[in-house]
Amino acid sequence: MKVRTLTDDEVLAAYEPLIELYPYVPPLIQWRIWEYAAYQAYSLRSPVLDLGCGDGRFFRAVWPQVTGVVGIDHDAGAVERARAGDIYDEVHLSSASTLPVASGHFASIFANCSLEHMNDLPDVVAELSRCAKPEADVVLSVVTDQIARCDSLSALLRVIGSGQSARATEERYFRYHNLVNLLSVEAWVELLEQAGLEVVEHVPILPEFSARIFMLADQLWHLPTDRGEIGDLVSQRLAQAGDFRSGFRRIIAGTLDLDRVRTTGIGAVFRAVKRNVPSANIQHTPSRSERADDHTGAPAPQSPANADIPGWLAHALRYRLPPGSALCVGERSRETADLLDVVGFDAEATADPSPHNGVHDLVVLDLGDQLDEDALHACLARTAEDGILLVRHDRAPQDERAESSLSVEICDRLRDWGAEGAINEPCLTGAFETVTIGSRRAPAAHRAAEVESAVKRASRQSIASTLVTMLAELSAIQRKLVASEERVSIAREDAKLRADLAELKEMLKIAENDRALRLSAIEAQSAELAKVTAERNRLSAQIEEAKGQAAAINRDRDDRLRAIQHLGDENGKLKGQLNEATAMVAELKDHLETSESDRGARLRVIEEQAETIGRMQAELSSLRAEAADEKIQPSAGESKSRTRKN
């Protein structure tokens with residue numbers, strides 16, 4: 001088998017075609033571009049079978065020119081969407097384990113990421129081989145067991161100490177995607193080759209770093225909210241964001257830079273070729289046409305050699321093949337040990353595991369309906385490093401279709417004590433019984449053919465063969481019973497739907513009578529709404545105008561306030577000057593009053609001087625008169641001298 005790894009350019013070349021197909025779903029884009037890139041090296045010859053076809057858009061994106069394609073899917077909605085397109089010549093609603101097509105008809109078979117979700121996987125692969133022509137090409141992609149190792153969100157929860165949340169997250173994710181067949185690459189190859197399909201090439205997809213980013217994004221994407229999933233909200237935000245197309249492409253390119261080692265991945269693409277092999281090596285499941293004489297509608301019973309072994313024993317053998325040592329604990333320990341002895345185990349029965357020393361390949365504990373932690377812990381201690389602990393316990397009738405709280409509690413305890421594997425499995429032969437498979441290492445499941453071969457190699461071959469035959473008959477009876485119950489359930493549902501339809505028709509008649517009134521009311525409400533809208537627009541315009549006016553008024557008010565502030569400053573200056581002037585006036589008044597007093601004194605002095613001068617003039621005049629009388633003429637010099645004296 002050739003291993004082909006993908007280059008950066010091959011992966012990025014797939015981005016543009018798929019961003020159109022899944023525009024705002026990053027996890028789905030990241031996974032699909034690896035598949036698309038791997039498929040580009042292959043061509044399909046018509047006629048082609050597309051198993052798990054969905055709506056067919058991805059098939060058309062990968063092989064736009066291929067014709068003569070038949071699609072098969074178990075989902076009615078997907079089938080309707082596929083039929084509405086022009087991709088497929090025929091689309092069938094069918095289980096993959098009983099394909100409604102002729103043997104050796106198809107030259108190519110395609111199954112994209114579908115086998116890991118399907119129950120009865122050996123039957124499905126056998127059907128693929130049956131439908132293929134000799135030398136037909138089989139191209140398919142699957143999820144591998146590496147996906148659990150790259151569980152980023154659960155790992156983060158464990159780092160922060162929330163182990164219980166981590167386990168719940170793991171279980172919810174794998175249950176959400178119905179990942180029931182997580183096989184290693186080697187196991188996938190072996191499964192295909194046992195059905196006559198020679199695997200010629202393996203392409204690993206999503207290596208470690210891409211896988212861890214994908215797992216974190218996909219787990220967060222599918223977390224539930226009150227309005228759906230977180231991814232619904234994220235997708236809306238991405239649609240409103242900027243250039244998502246080029247931005248996310250750069251993220252993909254950056255992730256590819258981290259993935260230098262690409263020889264392993266959480267997914268794988270295989271190309272196989274149908275070889276001519278003896279029919280005895282291929283498990284054959286009859287087609288619908290081959291079961292035309294089965295008027296019950298139930299699947300025809302398989303031969304004992306190909307039947308699955310049901311019940312707790314089937315689960316024990318699925319995870320641990322004989323021979324080996326077994327320890328059976330509980331009230332039914334002897335009965336359990338006898339059955340395990342028949343199928344090849346060296347079984348020992350006990351009611352209490354604590355006194356026993358040593359370890360066993362298989363330990364079976366019968367708990368009933370209550371958790372006995374001491375017994376559970378002791379049994380795990382008695383389980384070999386690569387052994388299996390199978391715990392049988394009851395569940396209430398109302399929990400028949402749901403995982404019981406006891407199942408969850410047992411898994412939690414086993415994980416707390418270091419068990420890597422803790423799986424709850426329904427018990428087909430016990431209506432209210434289930435089993436929990438625990439192991440120190442993650443267990444690997446064995447195929448029905450391997451179980452049958454191991455049981456028939458047991459020492460008591462005749463008894464083992466009888467047991468296998470009885471269990472096969474029981475399985476066939478049970479399948480018929482399930483089919484019968486399904487028909488009864490469908491009939492009841494049909495009657496209920498008919499009653500609901502009649503009620504809806506009556507309600508429709510009543511509604512039609514009132515329809516015209518409702519339409520009239522709607523028209524009136526529409527007219528009123530138009531008026532209200534117009535009035536609202538008018539008021540909005542007025543509000544905008546008022547806002548403009550208010551802004552102008554605010555600006556004018558600010559200007560006035562600034563002017564008033566300036567006037568206040570000037571008024572303060574003038575008040576200061578007025579106070580200074582008032583002080584000066586007061587001072588001048590004081591000076592004036594002082595001056596008035598001095599003036600009066602000076603005037604009195606002047607008056608006195610004037611009076612003196614007047615007397616002197618009078619005296620002079622008198623003297624002049626006397627001189628005239630005496631006819632004395634004073635000389636000029638004497639006159640001047642006298643005058644100076646005066």
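We're numbering straight along the sequence, starting at 1. The structure displayed is predicted, hence computed values, not measured ones.
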Would you say the side chain of [Y] lies within less than 4.5 Å of the side chain of [X], judging by non-hydrogen atoms?
{"X": "E409", "Y": "T436", "result": "no"}
{"X": "R212", "Y": "I266", "result": "no"}
{"X": "L223", "Y": "R172", "result": "yes"}
{"X": "F174", "Y": "L182", "result": "yes"}
{"X": "T225", "Y": "D232", "result": "no"}
{"X": "H202", "Y": "V269", "result": "no"}
{"X": "D338", "Y": "V342", "result": "no"}
{"X": "L115", "Y": "N181", "result": "no"}

Main-chain N/O of [Y] paired with [X] side-chain donor or acceptor, under 3.5 Å:
{"X": "S235", "Y": "G231", "result": "no"}
{"X": "D120", "Y": "D123", "result": "no"}
{"X": "S333", "Y": "A351", "result": "no"}
{"X": "D361", "Y": "G387", "result": "no"}

_CA sep, side-chain torsions, deciding dist, call: R413, L380, side-chain contact (heavy atoms from CB on, under 4.5 Å)_ = CA-CA 10 Å; R413 294 296 178 274; L380 182 62; over 6 Å; no

_Pair D218, Q30: side-chain N/O donor-acceptor within cut-off below 3.5 Å_ =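 No, no side-chain donor-acceptor pair sits under 3.5 Å.
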
Which heavy atom of [X] sits nearest a heavy atom of [Y], and at what distance?
{"X": "S114", "Y": "L51", "result": "OG-O, 3.4 Å"}
{"X": "C113", "Y": "S141", "result": "N-OG, 2.8 Å"}
{"X": "A337", "Y": "A349", "result": "CB-CB, 4.0 Å"}
{"X": "T144", "Y": "G265", "result": "OG1-O, 3.1 Å"}
{"X": "P122", "Y": "L191", "result": "CA-CD1, 4.3 Å"}
{"X": "G52", "Y": "D73", "result": "C-OD2, 3.4 Å"}

_Determine whether Y319 and H315 satisfy the following criterion, ring pair (Phe, Tyr, Trp, His ring centres under 6.0 Å), listing intermediate values before the conclusion._
CA-CA 6 Å; Y319 292 103; H315 291 304; 7.1 Å; no

*Test R167 against E170 for salt bridge (Lys or Arg N to Asp or Glu O under 4.0 Å), laying out the working first.*
CA-CA 5 Å; R167 291 190 293 272; E170 288 174 348; over 6 Å; no

From [atom1] ([X]) to [atom2] ([Y]), nearest 0.5 Å:
{"X": "R320", "Y": "S439", "atom1": "CZ", "atom2": "OG", "result": "11.0 Å"}
{"X": "L371", "Y": "D412", "atom1": "CG", "atom2": "CG", "result": "10.0 Å"}
{"X": "W188", "Y": "L121", "atom1": "CH2", "atom2": "CG", "result": "5.0 Å"}
{"X": "C328", "Y": "D341", "atom1": "SG", "atom2": "CG", "result": "8.0 Å"}
{"X": "L362", "Y": "L317", "atom1": "CG", "atom2": "CG", "result": "8.5 Å"}
{"X": "H177", "Y": "Q219", "atom1": "NE2", "atom2": "CD", "result": "8.5 Å"}

*Name of the residue among V435, L376, D372, L406 meeting side chain to side chain contact (heavy atoms under 4.5 Å, CB included) with H393*: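 The single option meeting the side chain to side chain contact (heavy atoms under 4.5 Å, CB included) with H393 is L406.
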
*side-chain contact (heavy atoms from CB on, under 4.5 Å) between L153 and M215: does it pass, once the steps are laid out?*
CA-CA 8 Å; L153 183 56; M215 285 293 292; over 6 Å; no

_Note: E171-R415 ion pair, threshold 4.0 Å (strictly below)_ =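 Judged by the 4.0 Å cut-off on N to carboxylate O distance, E171 and R415 do form a salt bridge.
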
*Can R130 and E127 be counted as an ion pair, charged N to O under 4.0 angstrom?*
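The answer is yes: the pair qualifies as a salt bridge.
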
*Using a cut-off of 6.0 Å, state whether more than 12 heavy atoms not belonging to E385 lie near its atom CD.*
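Correct, the count exceeds 12.
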
*Take atom NE2 of H74 as the centre, draw a 6.0 Å sphere, and report whether it contains more than 12 heavy atoms from other residues, nucleotides or ligands.*
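12 or below, so no.
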
_Candidates F214, Y22, F58 - the one meeting ring-ring contact (aromatic ring centres under 6.0 Å, His included) with W31_ =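 Going through F214, Y22, F58 one by one, the ring-ring contact (aromatic ring centres under 6.0 Å, His included) with W31 is satisfied by F214 alone.
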
*Test side-chain contact (heavy atoms from CB on, under 4.5 Å) on L327 and C379 and set out the steps.*
CA-CA 9 Å; L327 176 66; C379 286; 5.6 Å; no

*Derivation and outcome, side-chain contact (heavy atoms from CB on, under 4.5 Å), residues V364 and F345*: CA-CA 12 Å; V364 180; F345 284 96; over 6 Å; no

